[in-house]
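Here the structure comes first, spelled out in structure tokens, and everything after it is commentary.
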Amino acid sequence: MRDIKTAAILKNELNIDEIKQYGHLIEMNHYFPDRINVQFAKVLSRSEAEILIWERGAGFTLASGSSSCAVASVLRKRNLVDNKVKIKMPGGELFIEIDDNWNVKMTGEVRQIAEGTISDELIEDLNT
């Protein structure tokens with residue numbers, strides 16, 4: 001089996017409760033021994049799609065660049081979208097462009113969502 005890191009599941013309708021219910025079960029399925037990211041995706045048009053994200057090890061996530069690129073690539077491979085697609089997520093939007101050689105370019109807004117302090121003890125542990 002290939003080293004699978006993500007599962008893009010195409011849906012007619014998206015429901016946050018559904019990805020929260022099934023995301024963990026798919027992430028932890030025995031077919032994926034290293035676990036996987038899960039995206040539920042809905043095609044809105046040739047240039048737009050919407051996704052919900054279950055990030056492995058983190059749970060439901062508002063936005064993800066790698067998930068957006070993965071979904072755009074799957075949708076493009078299946079000829080469901082054009083080579084330029086807007087990916088809409090609860091946390092924002094990203095624009096994904098895929099060229100003829102399958103190079104993927106992502107652009108979008110960057111926002112700070114948290115701020116924190118790393119303890120001296122953790123820094124010490126990381127340096128040893």
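Please read these numbers as outputs of a predicted model, since none were measured by experiment.
- The number of heavy atoms from other shown groups lying within 6.0 Å of CG (L122) is above 12.
- Note that the CZ atom of F60 and the CD1 atom of I53 stand 7.5 Å from one another [nearest 0.5 Å].
- Counting heavy atoms from C-beta outward, I96 and V81 have side chains that stay 4.5 Å or more apart.
- With contacts defined as side-chain heavy-atom distances shorter than 4.5 Å, the pair V85/R76 does not qualify.
- Using a distance-only test at 3.5 Å, with no hydrogens or angles considered, no donor-acceptor pair links the side chain of N101 to the main chain of N103.
- K88 places a side-chain heavy atom less than 4.5 Å from the side chain of L44.
- Scanning both residues, L94 and G65, for their nearest heavy atoms gives CD1-CA, 3.7 Å.
- K42 pairs in a salt bridge (charged side-chain N to carboxylate O under 4.0 Å, His left out) with only one of the listed residues (E48, E13, E18), which is E13.
- No more than 12 heavy atoms of other residues, nucleotides or ligands sit less than 6.0 Å from atom CZ of R78.
- Hydrophobic clustering (side-chain heavy atoms under 4.5 Å, transitive across Ile, Leu, Val, Met, Phe, Trp, Tyr) keeps V74 apart from V43.
- With a 4.5 Å cut-off on side-chain heavy atoms, L10 and L75 count as touching.
- The two residues C69 and V104 have their closest heavy-atom pair at SG-CG1, 3.7 Å.
- Atoms CD1 and CZ, on I16 and F40 in that order, are 12.0 Å from each other to the nearest 0.5 Å.
- With rounding to the nearest 0.5 angstrom, the NE2 atom of H24 is 11.0 Å from the CG atom of N29.
- Between the CH2 atom in W54 and the NZ atom in K20 there is a gap of 8.5 Å [rounded to 0.5 Å].
- Hydrophobic clustering keeps F95 apart from I98 (ILVMFWY residues linked when any side-chain heavy atoms are closer than 4.5 Å, directly or through intermediates).
- Distance alone, capped at 3.5 Å, is enough to place a donor-acceptor pair between the E27 side chain and the G57 backbone.
- Shortest non-hydrogen contact noted between S64 and M89 is N-SD, 3.4 Å.
- To the nearest 0.5 Å, the span separating CZ on R46 from CG on N83 amounts to 10.0 Å.
- A 4.5 Å side-chain heavy-atom check between I26 and I36 finds at least one atom pair inside the cut-off.
- Distance check: K84 NZ to S47 OG gives 11.0 Å after rounding to the nearest 0.5 Å.
- In this structure, T61 contributes its side chain and G59 its backbone to a donor-acceptor pair below 3.5 Å.
- The nearest pair of heavy atoms linking T6 to A70 is CG2-CB, 3.9 Å.
- Note: the hydrophobic cluster containing Y22 also contains L62 (ILVMFWY, side chain heavy atoms under 4.5 Å, direct or indirect links).
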